[in-house]
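To keep things clear, I will list the structure first and then write my remarks on it.
On a predicted model such as this, the values are computed, not experimentally measured, just so you know.
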Amino acid sequence: MGRIFFRRANLIDGRNAPKKNATVVVEDDRIAAVATNGDAPKPSGNDVVYDLAGRSLMPGMVQCHYHVAYAEEQIEDIDLKHPATMLTLIAAENAELLLRSASLERSARARCTILTSLSNARSKRA
């Protein structure tokens with residue numbers, strides 16, 4: 001796969017005022033360019049282009065929400081199946097696993113989770 005282009009974004013970087021109608025180009029898991037649509041590099045045939053149509057894009061924002069007690073169980077009935085002390089032990093074990101997990105597979109899954117938020121954006125090959 002080539003580069004990834006996010007066009008017509010409302011770019012919020014946390015340091016500057018939001019930039020409307022921005023294009024962000026990602027290459028090799030790094031932001032390679034940020035520009036207004038007129039000044040942005042042009043995509044090639046191997047690149048993927050997302051038209052965000054004014055949606056906000058916040059690079060570096062990480063989804064940190066995680067329920068360590070819920071593992072593989074059904075969330076609806078875990079609280080009913082286990083006493084609080086057991087939930088504490090489950091949470092501690094899952095937290096340890098989470099902290100120790102630096103494998104490529106898990107980090108790849110994390111990137112996929114972040115990109116699923118783009119599911120409503122239109123994607124097309126350049």
Side-chain angles (χ1 to χ4, degrees):
M1 177 179 7
R3 300 172 293 178
I4 301 172
F5 284 70
F6 298 95
R7 287 188 167 162
R8 295 194 315 143
N10 180 30
L11 178 63
I12 302 169
D13 66 10
R15 300 181 87 174
N16 303 298
K19 185 185 287 188
K20 294 188 182 295
N21 204 29
T23 295
V24 176
V25 182
V26 176
E27 187 171 8
D28 297 324
D29 292 332
R30 300 271 187 224
I31 295 174
V34 176
T36 58
N37 281 330
D39 298 333
K42 304 296 181 225
S44 69
N46 291 331
D47 297 332
V48 176
V49 178
Y50 290 96
D51 180 1
L52 298 187
R55 291 181 184 92
S56 294
L57 179 66
M58 299 186 327
M61 181 64 116
V62 178
Q63 200 278 55
C64 304
H65 185 119
Y66 180 69
H67 292 269
V68 292
Y70 294 144
E72 304 279 329
E73 308 240 8
Q74 291 293 330
I75 291 174
E76 295 80 31
D77 44 68
I78 191 167
D79 293 328
L80 301 174
K81 287 171 38 177
H82 304 295
T85 51
M86 183 64 168
L87 289 176
T88 302
L89 292 172
I90 292 170
E93 179 183 28
N94 290 335
E96 180 182 10
L97 289 171
L98 180 66
L99 291 171
R100 292 180 184 269
S101 66
S103 72
L104 185 58
E105 177 184 67
R106 288 185 189 240
S107 64
R109 239 185 292 152
R111 282 194 295 274
C112 292
T113 301
I114 292 167
L115 289 176
T116 56
S117 63
L118 295 171
S119 63
N120 291 329
R122 293 183 295 146
S123 168
K124 64 180 178 80
R125 290 278 177 195

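Here the side chains of V49 and R7 are in contact, with some heavy-atom distance below 4.5 Å. Contact check for V48 versus F5: no side-chain heavy atoms found under the 4.5 Å cut-off. Between V24 and L57, some side-chain heavy-atom pair lies under the 4.5 Å cut-off. You'll find the side chain of I4 reaches within 4.5 Å of the side chain of Y50, heavy atoms only.
Shortest non-hydrogen contact noted between G54 and N10 is O-CB, 3.6 Å.
Classification of R8 and D51 as a salt-bridged pair holds, one side-chain N sitting under 4.0 Å from a carboxylate O.
Evaluation of the side-chain contact (heavy atoms from CB on, under 4.5 Å) rule for A32 yields E27 as partners, not counting sequence neighbours. Scanning for side chain to side chain donor-acceptor pair (under 3.5 Å) contacts around D28 gives an empty result, with sequence neighbours left out.
Side-chain N or O atoms of D47 include one that pairs as donor or acceptor with a backbone N or O of R3 at under 3.5 Å.
Atom CG of residue L11 and atom CE of residue M58 lie 10.5 Å apart, to the nearest 0.5 angstrom.
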